[in-house]
Peer 1: 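This is the structure I have questions about; it appears just below.
In what follows, chains carry the letters A, B, and so on, assigned in the order in which the sequence lines appear, proteins first and then strands, with residues in each chain numbered from 1.
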Number of protein chains: 2
Amino acid sequence: MRILQAVTDDYISTAEPVGSRTIARKYGLGVSPATIRNEMSDLEELGYLEQPHTSAGRVPSDKGYRFYVDVLMDPVELSPAEREHLREELLSKQRAMEHTIHRAARLLSALTHYAAVVVAPRPAETAVRGLHLTPLDECHVLAVLVTEPGFVENHVIELPAPMSDEELDRLAARLNEFLRGKTLRQVTRGFLSRLREEIDSRSVYDETVELLMNSLGSGSEERVYLEGALNLFEQPEFRDVERAKPVLGFLEQEEAVASMLSGLCSRAGTRVVIGQEHSRAEMKECSMVTAAYRIGDSVVGAVGVVGPTRMDYARAVSVVEALAESLSEALSHVPRRPA
Amino acid sequence: MRILQAVTDDYISTAEPVGSRTIARKYGLGVSPATIRNEMSDLEELGYLEQPHTSAGRVPSDKGYRFYVDVLMDPVELSPAEREHLREELLSKQRAMEHTIHRAARLLSALTHYAAVVVAPRPAETAVRGLHLTPLDECHVLAVLVTEPGFVENHVIELPAPMSDEELDRLAARLNEFLRGKTLRQVTRGFLSRLREEIDSRSVYDETVELLMNSLGSGSEERVYLEGALNLFEQPEFRDVERAKPVLGFLEQEEAVASMLSGLCSRAGTRVVIGQEHSRAEMKECSMVTAAYRIGDSVVGAVGVVGPTRMDYARAVSVVEALAESLSEALSHVPRRPA
DNA sequence: GTTAGCACTCTTTCCCGGTGAGTGCTAACC
DNA sequence: GGTTAGCACTCACCGGGAAAGAGTGCTAAC
């Protein structure tokens, strides 16, 4: 185990296959290269190490990394200065919420030198704070939904029939009263039909409400912020464009990344996915460290970094965790007003 | 000139330095390779062509490309099918405006196979359609600004003193009446002070309005949508990561790209910037074709593609122009409602 | 169980000559 | 005078070895 650890540590920091001599010299294990060679040979047979070719040093396999992450790795603590920096950047929220999320992604990539991904809170999971309807023309309305921590999401809907400004205002006021404080997920069919009964029963209203809720509920894709994709090129394994292209191509697809991350982070906690463990073929050369962030106690989104399997897992985990923590704090901090 | 055109055309399509034999064979100019060699030698002396090394073919210089773009290039028309495709994608605007802009960027990159950049309309240049204030907590308000074609922009502002929901509502209603139909640029200091006099003269209001207008006016950065950055890797000149990094790094900086594009496209029309003509060092290996798009008659944003100097200028120009045109149409199409 | 010694493997690097594309120059041609 | 054929020359681009170097596996001794 100490040898596996040494090999992994060394490979992570040098990106060169590591040989028995190196281990003996740099990591005083008190044994000679020959012994280490024997052990490494065993580790290879067990599947924890691999050899790029016969006369090269050893490299951890995905299985090796997995063991390293689960058992061997020395956890690192973020320095107090870095921690403070994070909180400062995220908690001073004089800007729109999108800025906070965006900045979170930038911080993550800057602190790890990997590519960073942040999935913005799903509107369906966050409580509604306000709904505004702005007429665009006779039969189009722009619906702006403001959710709890201050996110804004907008949709254009086509009215089944023209509606006056006054009618729209009334509808908006009614809906506001009704939705405020609930998450869209909580707004079930039952709720809706009750609302419809309460409201003026003109069928235009009826259809409009239906449309609105559909649009707001289903149409809300998750926004993904990708930062520092270029960092990947600093990694020797992605110096070759052909190797980097699949990964970058995947990361550019917002929906795919969003569904991957939110699938992974349905529960709180940090996840590490290593190489072949990925379900997506494009990612099988990469590792990913992700953590969920919360508003109050409910998980609403995820942050993560993507790098080579030869990733500095210890640091990545600590940065991702600290960032998820600070982001949760930033989003939860706004005191709820009484409804 | 015919030889320069032939060399440029050929180099654009093959990416290989082109020799006298090739020209003679592929472009029946009715003269022998030797003649072409003499001419090419002259063209090199005049600075229109360059030789990578003594025994290679010729390649257009930036000056050569400039002459090609200004004088020689055969303009291409987009096929009716492509034209129709563009309009269809952009004019069916059942979605939020951001989607239209985003899609414009995607279309641009898909049609040209270069990197595409779209600068979203500056809120300050577009007429206000509505302003909504949503309280976040006792002293923070989320201001949502809806501008003419349906764009939404939001800002968090800190109130100088707590304000009740009712007060906020009244303020919002007043501001709405006042701002609707004007662009933020039109809202001058004079306007503002008149507004302040009209409104309840409590100093809280006063300061709040001041804050709001500042925040909305100055704080509004231009959003840049970048798509297809990966396309650059398909180009032989960017196959090497080291060559591609500066460009990509530059394109990732939203503010820099925004200011470059909006500087370039203050007036309507298409611009081509070739290699060394760029002010930014990172772009001196690239060319860029940009065009402004409008809402009604006023220029509000720009679209562009970035590729190697060996760009298919003819096609790039026609695609960029067609897209800018369709986008203008899409954004202007919403009939204004009487104020 | 550990270690030194040693032959062996395999990649990497560098050199070197051959090949081919393309040029520039010169002299001839119309 | 412009155009062309001919020819020597240049230079990047392979492909094949040879040499170097890193690291291993095996064996025999400790």
Peer 1: How does protein contact run along nucleotides 10-20 of chain D, one letter per nucleotide 5' to 3', with B for base contact, S for sugar-phosphate only, - for none, heavy atoms under 4.0 Å?
Peer 2: BBS--------
Peer 1: Could you say whether A:E44 or B:P33 is positioned toward the 5' end of DNA chain D, judged by the nucleotide with the nearest heavy atom to each?
Peer 2: B:P33
Peer 1: Pick the nucleotide of DNA chain C nearest each of B:T22 and A:T35; which residue has the one closer to the 5' end?
Peer 2: A:T35
Peer 1: Tell me which nucleotide, if any, is Watson-Crick or G-U wobble paired with C:dA4 when both distances must be under 3.5 Å.
Peer 2: D:dT27
Peer 1: Reading DNA chain C from 5' to 3', where do the contacts with chain A start and stop? Cut-off is 4.0 Å to heavy atoms.
Peer 2: C:dT2 to C:dT11
Peer 1: How long is the line joining CD1 of B:I36 and P of D:dT4, in whole Å?
Peer 2: 9 Å
Peer 1: Could you tell me if A:T270 and A:E321 have a donor-acceptor pair between their side chains, going purely by distance under 3.5 Å?
Peer 2: yes
Peer 1: Using whole Å, report how far CZ of B:R21 lies from C1' of D:dT4.
Peer 2: 15 Å
Peer 1: Is it true that A:K63 and A:E277 have a side-chain N and a carboxylate O under 4.0 angstrom from each other?
Peer 2: no
Peer 1: Under a plain distance cut-off of 3.5 Å, with no hydrogens placed, do B:H102 and B:E227 share a side-chain donor-acceptor pair?
Peer 2: yes
Peer 1: What is the nucleic acid contact for B:A56, judged by heavy atoms within less than 4.0 Å: base, sugar-phosphate only, or nothing?
Peer 2: sugar-phosphate
Peer 1: Rounded to the nearest Å, what distance is computed from the CG atom of residue A:N38 to the C1' atom of nucleotide D:dA28?
Peer 2: 13 Å
Peer 1: Figure out the CZ/C1' separation between A:R37 and D:dG23, and round it to whole Å.
Peer 2: 8 Å
Peer 1: Do B:S287 and B:Y313 have a side chain donor and acceptor closer than 3.5 Å?
Peer 2: yes
Peer 1: Could you identify the nucleotide paired to C:dC10, looking across every strand shown and requiring Watson-Crick or G-U wobble geometry with both distances under 3.5 Å?
Peer 2: D:dG21
Peer 1: Would A:D62 and A:R66 pass as an ion pair if we require N to O under 4.0 Å?
Peer 2: no
Peer 1: Any salt bridge linking A:R315 with A:E82? Criterion: basic side-chain nitrogen under 4.0 Å from a carboxylate oxygen.
Peer 2: yes
Peer 1: Does a side-chain N-to-carboxylate-O contact under 4.0 Å join A:E237 and A:R243?
Peer 2: no
Peer 1: Should B:E234 and A:K245 count as an ion pair when the cut-off is N to O under 4.0 Å?
Peer 2: yes
Peer 1: Looking only at side-chain N and O atoms, does A:D312 offer a donor or acceptor that is under 3.5 Å from a partner on A:Y114?
Peer 2: no
Peer 1: For the pair made of CD in B:E39 and C1' in D:dG1, what is the distance, rounded to whole Å?
Peer 2: 13 Å
